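What follows is one structure encoded as structure tokens, with my remarks underneath.
These numbers were taken from a predicted model, which means no experiment stands behind them. For the single chain, residues carry numbers from 1 onward in sequence order.
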Amino acid sequence: MKKHIIIVGLIGSIFLSSCNKFLDVLPRTQIPADKLFNSEQGFKDALAGVYISAKSNTTYGKALTFGTIESLISSWDVTTNTLEQQLGLFNYSDNRVIDQFNAIFAKQYATIAAINAILQNLESNKAIFKTDGVYQVIKAECLGLRAYIHFDLMRLYGPIPTESGIGNQLAYVTEFNREIHQHISYEEYKSKIFTDLKQAEELIREFDPMLSYSMNDVRNPNGAGSNYKPLDDFMSYRNMRFNYYAMKALEARASLWYGEKQNAYNAAKEVVDAKDTNGDLKFKLATGKEFTATNYILTSEQIFGLYAFDLAKTYTDNFGNATYRKGTSATTITNQLYGNTGTDFRESSLWNMITLANGSKYNVIRKFWVTADNVTVLADYKQLPMIRTSELYLILAETAPFTEGVEYLKTFRTNRNISGLAIPGDLPTLQNEIIKEYRKEFYGEGQAFYAYKRLNIPKPQILFAPSNAVVNYLLPMPTVESIN
């Protein structure tokens with residue numbers, strides 16, 4: 001096994017286009033790398049390039065959302081001897097599987113390299129920043145995103161947390177250069193994640209409008225009735241950036257992974273208890289209103305999401321044609337996945353039976369469905385979920401004292417319109433119910449696999465796992481560890 005990773009040649013590929021606004025993701029002008037970092041705007045454009053890179057189909061645009069990672073836990077129907085079937089069988093010796101893991105690994109480190117290029121040039125060009133808070137916000141977002149991506153690399157390629165001594169070691173890359181980056185221990189890697197997060201939180205706390213304005217204001221900057229009037233577009237739509245609360249949510253997620261339940265509880269509770277100036281909760285659990293409004297991606301719950309201007313095409317190319325589907329009978333979803341509650345909003349609204357031109361009928365998830373008609377001023381539904389409020393309620397249910405944890409689970413269930421399920425009477429039962437909710441809640445979002453791996457869940461508890469699968473959460477170290 002190689003013990004290093006080399007990062008080279010990224011600036012030209014990641015920072016190829018300039019974006020006048022964060023949401024303007026279409027290439028406008030090409031900027032030479034040596035001129036990109038000599039103005040505030042250049043740094044803003046470079047950071048926009050990082051978000052665009054993160055939205056690649058190789059990573060969060062597909063593979064780490066509804067693609068590869070969901071195939072590992074057999075979320076979709078498969079055809080014999082396809083890549084997706086081999087992923088569901090945990091066949092890590094298949095060359096197609098190896099290539100897929102290589103591609104994810106390479107793209108994630110490429111995005112990290114782009115982040116490090118920004119951070120490195122921030123310090124050497126700090127004097128160019130004249131607008132109050134821009135330097136701090138850019139640096140905080142970069143540190144937070146670096147922690148986010150490194151953490152997902154560890155969750156995917158690293159050890160099972162309960163067996164932290166068994167598994168791959170990875171490189172936590174903090175410099176943009178041609179030097180060899182050594183693989184480090186599990187504990188050292190963990191320390192670097194939280195160091196980046198803590199520094200990011202301190203930098204951004206004073207400047208993030210998420211802390212001082214309502215979510216309606218943040219989602220509608222300079223809009224009619226909005227109190228938030230940023231003079232700079234860079235500070236708009238903070239709900240789609242790696243904001244302060246996204247950092248706390250990631251802190252909760254990572255703390256749970258590493259078994260630090262009190263820290264996970266504290267961080268999750270800070271987000272869940274956050275209030276707008278009028279006393280309303282800042283991050284509310286979605287209810288039937290969102291499903292009625294066809295906001296299936298639940299943007300109102302997203303603490304951090306990636307803007308996806310082409311989400312309608314993503315749905316058409318992957319779900320509208322039933323490429324990603326589950327079962328030919330509605331009962332596969334209603335009974336097996338949701339337990340036939342008859343009330344759960346997800347059970348009744350989130351899936352659709354479609355008929356193809358050849359007459360075949362399939363269950364297709366509507367989570368990523370979007371059209372021009374279901375996009376409003378205050379809630380742009382073209383947003384890939386990275387961290388949602390519902391996950392924090394499940395984290396609180398798992399980390400709070402038992403009685404309090406049950407109350408968080410009950411609150412979560414109530415907002416999903418589930419009332420008939422038995423209330424857990426002990427910790428093992430509560431844990432089992434939480435795991436069931438990860439499967440139902442984050443279908444097509446990639447989070448269920450990580451929950452299974454974190455707890456080393458046996459095959460009988462993995463819904464839809466093939467009978468001949470041999471569960472193996474220890475992914476092999478990618479065979480490609482250099483990016484050229």
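Residues L64 and L156 meet the side-chain proximity criterion, which asks for heavy atoms closer than 4.5 Å.
Taken from CZ in F412 to OH in Y408, the straight-line distance is 14.5 Å, to the nearest 0.5 Å. Taken from CZ in R238 to CZ in R241, the straight-line distance is 6.0 Å, to the nearest 0.5 Å. Annotation: the span from E201 atom CD to L250 atom CG amounts to 9.0 Å, rounded to 0.5 Å. In this structure, N57 CG and I104 CD1 are separated by 11.5 Å, a value rounded to the nearest 0.5 Å. A distance of 12.5 Å separates NZ of K382 from OG1 of T299, quoted to the nearest 0.5 Å. With rounding to the nearest 0.5 Å, the separation of CD in E433 from CG in L394 is 11.5 Å.
Scanning all heavy atoms of the two residues, the minimum distance from A252 to A268 falls at CB-N, 3.6 Å. Of all heavy-atom pairs spanning Y245 and V271, the tightest one is O-CG2, 3.8 Å. Minimum heavy-atom separation, L47 to C142: CD1-SG, 4.0 Å. Contact between T332 and G327 at its shortest, heavy atoms only, is OG1-CA, 4.0 Å.
Aromatic rings of F105 and Y109 (six-membered ring for Trp) have centroids within the 6.0 Å cut-off, being under it. Between W351 and Y443, a ring centre-to-centre spacing shorter than 6.0 Å is recorded. The ring of Y473 has its center no closer than 6.0 angstrom to the ring center of Y452.
With no hydrogens or angles considered, no side-chain donor-acceptor pair links N415 and Y393 at under 3.5 Å. Of the N and O atoms on the side chains of E84 and S71, not one donor lies less than 3.5 Å from an acceptor on the other residue. Between the side chains of T68 and Q100, at least one donor N or O lies within less than 3.5 Å of an accepting N or O. No side-chain N or O of S56 forms a donor-acceptor pair with one of K107 less than 3.5 Å apart. N102 and T479 share a side-chain donor-acceptor pair at under 3.5 Å. With hydrogens and angles left out, the side-chain atoms of Y51 and E141 include a donor and acceptor closer than 3.5 Å. For the residue pair N432/Q461, the side-chain donor-acceptor check at 3.5 Å is satisfied. With 3.5 Å as the limit, one finds no donor-acceptor pair spanning the side chains of D344 and S348. Side-chain contact check for E301 and T389: no donor-acceptor pair (N or O, by modelled atom type) lies under 3.5 Å.
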Problem - Candidate pair T79 and N81, rule side-chain hydrogen bond (donor to acceptor under 3.5 Å, both in side chains), full reasoning - result: CA-CA 6 Å; T79 303; N81 199 33; over 6 Å; no

Exercise for the section: Dump the intermediate steps for salt bridge (charged side-chain N to carboxylate O under 4.0 Å, His left out) on E391 and R388, then the final yes or no. Expected result: CA-CA 6 Å; E391 181 181 351; R388 290 203 284 118; over 6 Å; no

Practice task
Apply side chain to side chain contact (heavy atoms under 4.5 Å, CB included) to the pair I418 and E437, showing each step before the final yes or no.
Solution key: CA-CA 11 Å; I418 310 171; E437 290 302 333; 4.2 Å; yes

Practice task
Mind running side-chain hydrogen bond (donor to acceptor under 3.5 Å, both in side chains) on Y60 and Q108 for me, showing each step along the way?
Solution key: CA-CA 10 Å; Y60 300 110; Q108 289 286 66; 3.1 Å; yes

Practice task
Go through the steps for T328 and K361 under the test side-chain hydrogen bond (donor to acceptor under 3.5 Å, both in side chains), then give the verdict.
Solution key: CA-CA 6 Å; T328 58; K361 296 179 182 292; over 6 Å; no

Exercise for the section: Take D152 and R155, measure what salt bridge (charged side-chain N to carboxylate O under 4.0 Å, His left out) needs, and give me the verdict at the end. Expected result: CA-CA 5 Å; D152 274 359; R155 289 203 292 177; 2.7 Å; yes

Exercise for the section: Give the intermediate values and the outcome of side chain to side chain contact (heavy atoms under 4.5 Å, CB included) for residues Y450 and I69. Expected result: CA-CA 9 Å; Y450 295 130; I69 195 164; 3.2 Å; yes

Practice task
Could you walk me through whether S390 and F442 pass side chain to side chain contact (heavy atoms under 4.5 Å, CB included), step by step?
Solution key: CA-CA 9 Å; S390 55; F442 303 110; 3.7 Å; yes

Exercise for the section: Check the pair Q86, N91 against side-chain hydrogen bond (donor to acceptor under 3.5 Å, both in side chains), reporting the backbone distance first and the verdict last. Expected result: CA-CA 5 Å; Q86 297 309 305; N91 181 8; 2.6 Å; yes

Exercise for the section: Show your reasoning for whether side chain to side chain contact (heavy atoms under 4.5 Å, CB included) applies to Y148 and I387. Expected result: CA-CA 11 Å; Y148 189 105; I387 306 180; 3.9 Å; yes

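Y189 pairs in a ring pair (Phe, Tyr, Trp, His ring centres under 6.0 Å) with only one of the listed residues (Y172, F151, F194, W257), which is Y172. For the salt bridge (charged side-chain N to carboxylate O under 4.0 Å, His left out) with E445, the qualifying choice from K367, R439, K62 is K367, the only one to do so. Between R146 and the options D196, T111, T174, a side chain to side chain donor-acceptor pair (under 3.5 Å) holds for only D196.
The aromatic rings of Y92 and F90 sit perpendicular, their planes meeting at an angle over 60°, well past the 30° parallel limit. A tilted orientation is assigned to the rings of W369 and Y296, their planes being inclined by 30° to 60°. Using bins of under 30°, 30° to 60° and over 60° for the plane-to-plane angle, the ring pair F304/F242 lands in the perpendicular bin.
Judged by distance alone, with hydrogens and angles left aside, the side-chain atoms of D310 form no donor-acceptor pair with the main-chain N or O of K313 at under 3.5 Å. No donor-acceptor pair closer than 3.5 Å links the side chain of Q383 to the backbone N or O of A308. No side-chain donor-acceptor contact under 3.5 Å links K326 to the backbone of Y362. Although no hydrogens or angles enter the test, the distance criterion places no donor-acceptor pair under 3.5 Å between the side chain of N239 and the main chain of G305. Judged purely by atom type and a 3.5 angstrom limit, E70 uses its side chain to pair as donor or acceptor with the backbone of G446. Distance alone, capped at 3.5 Å, places no donor-acceptor pair between the N335 side chain and the N340 backbone. Panel note: side chain S349, backbone F291; no donor-acceptor pair is recorded below 3.5 Å. The closest donor-acceptor contact from the side chain of Q302 to the backbone of I297 lies under 3.5 Å. Listed for the N363 side chain is no donor-acceptor partner under 3.5 Å among the backbone atoms of M353. In this structure, the side chain of N168 does not engage the main chain of P159 through any donor-acceptor pair within 3.5 Å.
The side-chain tip of R416 does not point at the ring of F345 from less than 6.0 angstrom away and within 45° of straight on.
Electrostatic pairing of E398 and R454 counts as a salt bridge here, judged by a charged N lying under 4.0 Å from a carboxylate O.
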